[in-house]
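Worksheet: one structure, shown below.
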Amino acid sequence: MATEQASRRASELRDEINQHNYLYHVLDQPEISDARYDTLVKELVEIEEEHPELITPDSPTQRVGAEPAEGFEEVRHPRPMYSLGNAFDDDEFMAWYRRITGVLEREDIDFVCELKYDGLAVALRYENGVFVEGSTRGNGMVGENVTLNLRTIKSIPLRVRNGNVPATMEVRGEVYFPKSKFQLFNEERVARGEAPYANPRNTAAGSLRQLDPRSTAERPLDIFVYGLGYVEGAEFPDNHWETLETLKELGFKVNVNNSLLRSPQEVLDFCRVWLEKHEELDYACDGVVVKVNRLDYQDHLGVVGREPRWAIAYKFPATQSVTRLLDIEVNVGRTGSINPIAILEPVVVGGATVQHATLHNEDYIKAKDLRIGDWVVIERAGEVIPQIVSVITSRRTGDEQVYEMPKSCPSCGQDVVRSEEEAAIYCVNASCPAQLVRLVGHFVSKGAMDIDGLGERLVQIFIEHGFVNDVADLYTLKERKQELVEMDRMGETSVSNLLEAIDGSKERPLARVLVGLGIQHIGSEVAELLARQFTTIDKLTGATEEELSAIPSIGPKIAQSVVAYFRNESNLSVIEKLRAAGVRLEDEAREVLAERPLEGKRFVVTGRMERFSRSQIEGRIKELGGAVSGSVSGRTDYVVVGADAGSKLADAERLEIAILSEDEFLELIGEAV
Ligand code: IVH
């Protein structure tokens with residue numbers, strides 16, 4: 001592409017991507033599919049790769065990328081970032097209200113009520129509309145420069161949207177880690193042998209202080225903007241409410257629950273509503289911030305110490321409590337992971353009674369030096385499982401017991417295995433009863449053998465009756481038809497249907513069987529890869545770690561897990577039983593293609609496909625000897641186009657290159673369906 005044309009297209013794409021970014025991340029109202037969005041970004045990346053001189057610092061492609069920092073520089077805040085005084089009940093709020101009406105000598109005061117987000121305060125500086133520096137609050141006077149990390153947060157505009165763009169402006173807000181993502185994030189950390197974070201707030205803080213912005217980018221941080229630090233070179237409203245409106249127009253994410261209220265009674269009502277509802281939010285919220293709306297009143301009220309008198313935080317009751325650790329028990333998960341659980345003296349935390357807390361693994365217990373009998377601080381944040389925050393060592397009597405993880409599985413007694421790189425311990429016995437319910441439930445589930453009418457509840461009953469001792473026993477249930485019919489709530493028809501569904505599952509492709517076996521780290525994608533590579537379970541059973549690791553996208557962790565699984569005698573005997581029952585343990589071998597029909601042909605694949613993913617199609621092209629490239633040029637032979645194809649389709653048309661639909665492509669390679 002000529003530079004001039006590229007420059008024009010790049011700027012078009014940036015505007016379009018920024019707009020969709022804004023719709024998705026700020027307004028939460030996406031207008032296009034993710035695939036379409038990815039296509040736009042990919043096109044911009046390609047132009048920028050070809051013309052690096054066109055890259056602008058506020059390009060949406062430039063959110064991540066810089067090299068890790070050695071540390072964070074200090075930033076002195078031009079205006080201090082204050083903290084807030086607290087009110088813990090209505091009386092304390094009314095006392096504040098009376099104080100300010102006294103100072104202002106009037107009662108007709110408007111308030112802006114905002115939620116108090118429990119994250120991390122940051123200041124964002126914009127020069128002529130471009131985000132140039134972001135810092136943490138620190139001690140209120142001096143914070144840390146975390147610009148590169150803040151740039152990775154998609155709801156922070158790198159350039160403000162239209163409107164009255166000031167020469168300089170500093171916007172303030174709270175960065176948070178969504179609650180819905182928190183638990184999964186911690187589980188992944190624990191699986192990697194890293195210490196879990198105590199709560200979403202600490203996680204947000206930890207994430208913003210990553211030295212490598214690429215690590216921050218992997219974390220789903222978000223922000224709510226709640227005020228203006230200062231502004232120069234533009235007229236801004238003379239009250240807080242309209243300031244927030246202006247910030248919204250400039251493209252900042254302002255919370256939709258903010259309210260402009262006219263009396264202290266309305267404020268107390270707002271606080272009551274959110275006291276009831278705040279747990280439903282996807283972000284931690286520990287109160288309501290009440291702010292005097294008019295800026296001249298704010299100035300008049302001023303600041304005392306580090307707390308402005310014009311605002312107050314109405315705090316919700318704490319979500320932390322103190323209780324005793326009575327015992328530690330373990331349960332066994334589907335993959336055999338042995339998970340310690342704290343048994344607590346029941347205690348009310350943030351409105352709910354809590355008697356269990358997750359302890360993740362042995363390292364976690366050791367790191368906290370938890371002992372049975374300890375007094376502990378526990379915390380509950382929303383739906384997040386309660387966590388032990390700390391031990392109150394000063395309350396120890398000396399009678400506390402150090403806990404040892406079991407050496408054998410509490411359910412089947414077989415020795416546990418500690419995985420080398422993970423902190424977790426596992427029971428690797430495929431016939432372990434506690435794992436069995438979980439495992440069989442997984443085997444019959446949609447993503448695996450997909451046996452209609454069979455769920456974990458029924459599985460449990462079969463196991464309790466001794467009908468099922470491993471997944472292969474499902475296929476022997478038909479020999480007990482009469483017993484099943486006589487069982488509670490199981491009629492003749494439903495039993496027949498069930499047995500038919502079980503029988504039908506014997507023909508599932510190998511990948512489904514591999515998923516169903518519940519081998520650690522083997523999800524559907526890896527299973528597909530393995531099935532494609534090995535085509536029969538016997539070949540897979542014989543594979544070595546080296547052979548497995550040689551397959552692209554299979555790392556040492558997966559390789560080890562597969563080898564360990566097939567080394568276990570009980571697992572092998574389950575596989576033999578499946579074979580004897582008639583379960584198909586192989587796929588039809590794809591004939592190895594002697595000739596490479598697509599040799600020398602160059603393909604571009606674009607748009608959203610119906611039957612296959614883009615990468616599957618690209619993989620097939622390569623298998624057949626063809627080459628795949630990212631952009632259309634005069635040397636391209638074919639462009640395979642799916643739905644919502646963008647500029648590449650246009651390029652192909654312009655350059656008169658053969659365009660294939662997904663079906664036409666399949667026809668070309670002789671695999672039409
Ligand atoms: S206004 C004086 N608004 O609370 C103005 N702060 O205790 C202070 N916070 O450091 C900031 N939600 O991190 C304001 N809607 C909100 C807030 C909020 C949370 C935090 C902020 C600040 C701390 C003060």
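Just so you know, ligand 1 is whichever comes first in the structure, and atom 1 is the first atom listed for that ligand. Computed from a prediction, not measured in an experiment: that's the story for all the values here.
The pair R396-D374 meets the salt-bridge criterion, since a charged nitrogen lies less than 4.0 angstrom from a carboxylate oxygen. With salt bridges taken as basic N to acidic carboxylate O contacts below 4.0 Å, none links R324 and E400. The pair K179-E280 does not meet the salt-bridge criterion, since no charged nitrogen lies less than 4.0 angstrom from a carboxylate oxygen.
The residue R172 has no part lying near ligand 1, judged by heavy-atom distances below 4.0 Å. Under 4.0 angstrom from ligand 1, the non-hydrogen atoms of L84 come from both its backbone and its side chain. Under 4.0 angstrom from ligand 1, the non-hydrogen atoms of L115 all belong to its backbone.
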**OP:** Could you walk me through whether Y126 and F252 pass ring pair (Phe, Tyr, Trp, His ring centres under 6.0 Å), step by step?
**Re:** CA-CA 12 Å; Y126 287 77; F252 292 97; 5.2 Å; yes

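Nearest non-hydrogen protein atom to atom 22 (C) of ligand 1 is Y226 OH, 4.0 Å. Of all protein heavy atoms, the one closest to atom 23 (C) of ligand 1 is K116 NZ, 4.1 Å. Closest to atom 19 (C) of ligand 1 among all protein heavy atoms lies Y117 O, 3.2 Å.
Counted within 6.0 Å of CZ on R209, heavy atoms from surrounding residues, nucleotides or ligands total 12 or fewer; the atom is thus considered open.
Ligand 1 places these atoms under 4.0 Å from at least one heavy atom of R137: 10 (O).
Residues F177 and F185 place their aromatic rings such that the two centres sit under 6.0 Å apart. Aromatic ring centroids of F224 and Y117 lie under 6.0 Å apart.
At least one N/O-N/O distance between E114 and ligand 1 falls below 3.5 Å. For ligand 1, the polar-atom distance check against P308 finds no nitrogen or oxygen pair separated by under 3.5 Å.
In the candidate list K291, E174, K315, K291 is nearest to atom 3 (N) of ligand 1, counting heavy atoms.
Taken to the nearest 0.5 Å, the CG atom of N258 stands 6.0 Å off from the CH2 atom of W241.
Within the structure, the closest approach of A313 to ligand 1 does not fall below 4.0 Å when heavy atoms are considered.
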